[in-house]
Amino acid sequence: MTAAVRCQGIVQIYKARELEVVALRDVDLVVEEGETVALLGPSGAGKSTLLWLMAGLLRPSAGRLWLHGTEVSRLPQATLDRLRAAEIGVVLQNPARNLIPYATPAQNLAFAQRRPDRRRIGELLERVGLAGVRRPAGGLSGGEQQRLAVAVALANRPRLLLADEPTSQLDLASGRAVIELIRQTAAEYGTTVVAVTHDEAVSRALGRTVTIRDGRVGAEGRRGEDLVVVGREGALQLPPEYHHLLPPGSRVRVEAIEDGVALRRVEP
Ligand code: ADP
Ligand code: MG
């Protein structure tokens, strides 16, 4: 069986003015079809970046990414856009970005559909508890907006649903409703789900939890086996657990070795 998502050695470097930020370093991750996965980790760990990559909204600086067996890191933009529209539903972190504020819930769904399907719209509105609601999306409560955002993401029956912090701005009851909605959808339609969260309730409701920390997935870096990404002009950013060994301002001797270089601190 082909995996829904396969990440291999994914590196993401952002360029912000003069700085380079390494958001992901060597991420390997496989999400099987029909699996529901919570991506858990502290703020700044790289969760949104990984989700954006899976959504085809961002291209990795290095590494390879497959969606349902297609290597998307190599696809032309137009092909990637088509694949994304056909197979992926995304709920972005900022609820306002998922909806057209002056349009009703039904209009939001109609706009999201690639082919008009009124029955599907009715069914989705029913499912998210917004049947008969005719106020513009901008006037809905936070919980209603988020449920509508999930419905919009499901408008084209995606095989893969990606959600970034779907409950972070909601009260407990609304958050529960959104979690339940995602869970039931996955169970009924066989949709693969990856949800970024730091809400324990979300991760408990999903089948598997993947932890991401300092841009790395899974096991903490073992000493001597860590991966550092080389940026522009040879810039290196050491993972935080090495900072005490080489604090800022350290003088380091660089020695060429067989397959690279070794760094050794020069005692002051
Ligand atoms: P999380 O979602 O886990 O909070 P992000 O993926 O948003 O983490 O960010 C990971 C790292 O990348 C952070 O250090 C963040 O500041 C940085 N980052 C995210 N987006 C950008 C961007 N567009 N430009 C520069 N740095 C960014
Ligand atoms: Mg984020």
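Atoms within each ligand, like the ligands themselves, are counted from 1 in listed order. These values consider heavy atoms only, across backbone and side chains, with no hydrogens, waters or symmetry-generated copies.
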Please tell me if atom 14 (O) of ligand 1 is touched by the protein, where touching means a protein heavy-atom distance below 4.0 Å.
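Under 4.0 Å from atom 14 (O) of ligand 1, at least one protein heavy atom found.
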
What atoms of ligand 1 come closer than 4.0 angstrom to any heavy atom of Pro42?
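With Pro42 as reference, the close atoms of ligand 1 come out as 3 (O).
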
Should you measure from each heavy atom of Ala23, which atoms of ligand 1 turn up under 4.0 Å away?
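So the atoms of ligand 1 that pass are 10 (C), 11 (C), 12 (O).
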
Measure the shortest side-chain to side-chain distance between [X] and [Y] over non-hydrogen atoms and say whether it is less than 4.5 angstrom.
| X | Y | value |
| --- | --- | --- |
| Leu39 | Thr197 | no |
| Thr209 | Arg204 | no |
| Ile121 | Leu125 | yes |
| Arg157 | Asp117 | yes |

What's the shortest distance from [atom] to any protein heavy atom, and which residue and atom give it?
| atom | result |
| --- | --- |
| atom 8 (O) of ligand 1 | Gly46 N, 3.1 Å |
| atom 17 (C) of ligand 1 | Val21 CG1, 3.7 Å |
| atom 7 (O) of ligand 1 | Ser48 CB, 3.8 Å |
| atom 5 (P) of ligand 1 | Thr49 OG1, 3.7 Å |
| atom 4 (O) of ligand 1 | Gly44 N, 2.7 Å |
| atom 25 (C) of ligand 1 | Tyr14 CB, 3.3 Å |

Test your reading of the model: is there a side-chain donor-acceptor pair from Lys47 to the backbone of Gly215, 3.5 Å cut-off?
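Checked: no pair found.
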
Which heavy atom in Arg120 sits nearest to a heavy atom in Ala155, and how many Å separate them?
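Reported closest heavy-atom pair: NE-O, 3.8 Å.
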
I need the protein N, O or S atoms closer than 2.8 Å to the Mg ion (ligand 2), given as residue plus atom name.
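The answer, once waters are left aside, is Ser48 OG.
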
Mark yes or no: Arg183 above the aromatic ring of Tyr189, with NZ or CZ under 6.0 Å from the six-membered ring centre and no more than 45 degrees from the axis.
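Negative - Arg183 is either too far from the ring of Tyr189 or too far off its axis.
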
Does one side chain, of [X] or [Y], offer a donor that lies under 3.5 Å from an acceptor on the other?
| X | Y | answer |
| --- | --- | --- |
| Glu87 | His68 | yes |
| Gln12 | Arg59 | no |
| Tyr14 | Ser61 | no |

Same apolar cluster (I L V M F W Y, side chains within < 4.5 Å links), Leu206/Val210
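In one cluster with Leu206: Val210, no.
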
Contact between Gly215 and ligand 1, counting heavy atoms under 4.0 Å?
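The answer is no: ligand 1 sits nowhere under 4.0 Å from a heavy atom of Gly215.
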
